[in-house]
Number of protein chains: 2
Amino acid sequence: MNSTVLPLFSPITFGRASEEIVLQVEAAIVDGRLAPGERLPSEREMQRQFGKGRGVIREAIKTLVQKGLLEVRKGAKGGAYVRKLDVGKVSESLALFLKQEPVAPEHLIEFRESIDRAITQLAMTRAAQEDKDELHAKARQLEALLAQDDPDLTVTGELDRELNLMLARMAGNPLLEWVMQALQMGLGSSDHALYEDPVFREKAAANWSDTAGAIARGELMQALGFIGHHYVLLRQCVRSRSQGSPETEIPFLADSSETP
Amino acid sequence: MNSTVLPLFSPITFGRASEEIVLQVEAAIVDGRLAPGERLPSEREMQRQFGKGRGVIREAIKTLVQKGLLEVRKGAKGGAYVRKLDVGKVSESLALFLKQEPVAPEHLIEFRESIDRAITQLAMTRAAQEDKDELHAKARQLEALLAQDDPDLTVTGELDRELNLMLARMAGNPLLEWVMQALQMGLGSSDHALYEDPVFREKAAANWSDTAGAIARGELMQALGFIGHHYVLLRQCVRSRSQGSPETEIPFLADSSETP
DNA sequence: TGCCGTAAATGGTACGACCATAGCCTGGCA
DNA sequence: TGCCAGGCTATGGTCGTACCATTTACGGCA
């Protein structure tokens, strides 16, 4: 390797040193001069190359780790390794943001409905028939699970999440898939409220099944209609819960200021 | 203040110390025990409270700054202040991700088209008439600018960005507004390619004006039609550029593998 | 009363030392 | 000859001290 000479980095002379180091390393990574899996010089070696104290180097590495660009391993053959960014880091950032910035449930539902409609239209025209059939099968499986007297909400929640992600994948657009992933990871999908309530539970599951069926049969308008119905149910459920139990555990159900 | 006793933090005994500190402070912030604008103890004071070295404290603070939860000021009355998270941090994370994960232009266009349609429909039903008129006026202004022989692309680009954000704001849903912001900040909106080309420039501007006009008059179907046309133009432009000049400067125009 | 200089608090940096860990290498044992 | 154990070494993780740079506040002086 090039462990002897590494002309990648140059000494720091101004400003906050660690920030400058962050910029240099980050630039090297996005330029491709440092590829994922590659190992940076050791902290003591970088200390020498940058002409700065080790603490500064460590703080820069900490920042880059937080950005998701590096991972560090200790021990021999340890060090900072370039990491391929994944969408999870974005979702994490989004989730933290949404924790501090409560979103009205109506806005969340509205957004999800928009994305869902776009995904469905694309999935219908692009996905393979076998994928559509598998989606339908999974939806019927969810329906069957929720028809039981005491369904395991952990399992059904996971299945619902899987259905959403599968549909998003079928749309064949990574951006839509990432948004759906971020929604799922970022705020627990809010659908679990739907499944906790025995009244809505079966309706919602049946609706999922109807939607998947329409998608499998290629009936676009019908599928969009079912999706609309899903969100009608969700809105009803959210409204009844926010009225019925003021001490709800779901944080973002608190401030609903626009239900006329 | 409570600068004498601060029972918020407890000493670290296991694992990576700085990570534990990050978790404790982050928890205190999202719980509201530390409100935006509040000041954390000084590094030396926290060093005492956590029972750890100052370097560890500094690394934890660096991480929290990167997360967007803190900002630090130096000098007397300096220190780490709790910061209100803004969506810019999410956009930043997204932009970095998209730099490492090139997105096919067709996918980007498709996504933007979905969002645009959703925004337009909502804006049309919700926005005040005066906002719609202002949007139309701005669009006509853009059209006039681009009709000149040598338009200032910096100004027109900024105006286009402003138009998009204004429309998103008119939709009255913060999530859609944030997504549009993230798109604009994250990848320069890709529309600038449209305005650089004299052939597409005027068509695109006229189309913006038509769209805004339809919105102002409340003609939904017509507005959606114009939006569709905007993306037809954008697709044509992108295709012609990727064929004509292989050395295009726009990074994500490189890998287009699905134009049949 | 108003201005300026000094003191104090605080983050920023440097250096040195030591510990903990993970891979490796060597030597001894079966 | 083959395998296993123990030590060796590179590397991150932590600690402590000292000093520098900057910003605010306070107090003395004109």
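Computed from a predicted structure; not experimentally measured. To find a chain, count down the sequence lines: A is the first, B the second, and so on, and within it residues start at 1.
A salt bridge is absent between B:E59 and B:K62: the closest approach of a Lys/Arg side-chain nitrogen to an acidic carboxylate oxygen does not fall below 4.0 angstrom. A salt bridge links B:E71 with B:R73: the distance from a Lys NZ or Arg NE/NH1/NH2 to an Asp or Glu carboxylate oxygen falls below 4.0 Å.
Atom CZ of B:R48 is separated from atom P of D:dC15 by 16 Å (rounded to the nearest Å). The CZ atom of A:R58 sits 17 Å away from the C1' atom of C:dG12 (whole-angstrom rounding). Atom CD in B:E43 sits about 14 Å away from atom C1' in D:dA21, given to the nearest Å. Rounded to whole Å, the distance from CD1 on B:I57 to C1' on D:dT14 is 11 Å. Here the P atom of nucleotide D:dC15 and the CD atom of B:E59 are 10 Å apart, to the nearest Å. A straight line from CZ of A:R44 to P of C:dC19 spans 14 Å, rounded to a whole angstrom. A:E20 places its CD atom 16 Å from the C1' atom of C:dT13, with the value rounded to the nearest Å. Between the CD atom of B:E45 and the C1' atom of C:dT10 there is a distance of 13 Å, rounded to whole Å.
Minimum heavy-atom separation, A:V179 to A:I115: CG1-CD1, 4.2 Å.
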Scan nucleotides 21-27 of chain C against the protein and return all N/O pairs shorter than 3.5 Å with their distances rounded to 0.1 Å.
residue : atom : partner : partner atom : Å
C:dA22  : N3   : A:A76   : N            : 3.3

Pairs: protein N or O with nucleotides 14-16 of chain C N or O, under 3.5 Å:
residue : atom : partner : partner atom : Å
C:dA14  : OP1  : A:K52   : NZ           : 3.4
C:dA14  : OP2  : A:G53   : N            : 2.5

Donor-acceptor list for residues 75-83 of chain A side chains, cut-off 3.5 Å, not counting sequence neighbours:
residue : atom : partner : partner atom : Å
A:Y81   : OH   : A:K77   : O            : 2.7
A:R83   : NH2  : A:D86   : OD2          : 3.4

List the steps, then state whether side-chain contact (heavy atoms from CB on, under 4.5 Å) holds for A:R112 with A:N164. CA-CA 11 Å; A:R112 280 209 48 183; A:N164 277 299; 3.4 Å; yes

Intermediate values then yes/no, side-chain hydrogen bond (donor to acceptor under 3.5 Å, both in side chains), B:Q47 and B:E43: CA-CA 6 Å; B:Q47 172 180 8; B:E43 292 179 354; over 6 Å; no

Report the C-alpha distance between B:E110 and A:R126 in whole Å, list the side-chain angles of each, state the deciding distance to 0.1 Å, and finish with yes or no for salt bridge (charged side-chain N to carboxylate O under 4.0 Å, His left out). CA-CA 13 Å; B:E110 194 172 271; A:R126 284 187 187 158; 2.2 Å; yes

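Rounding to the nearest 0.5 Å gives a distance of 10.0 Å between NE2 of B:H107 and CD of A:E177.
Panel note: side chain A:N173, backbone A:L175; a donor-acceptor pair is recorded below 3.5 Å.
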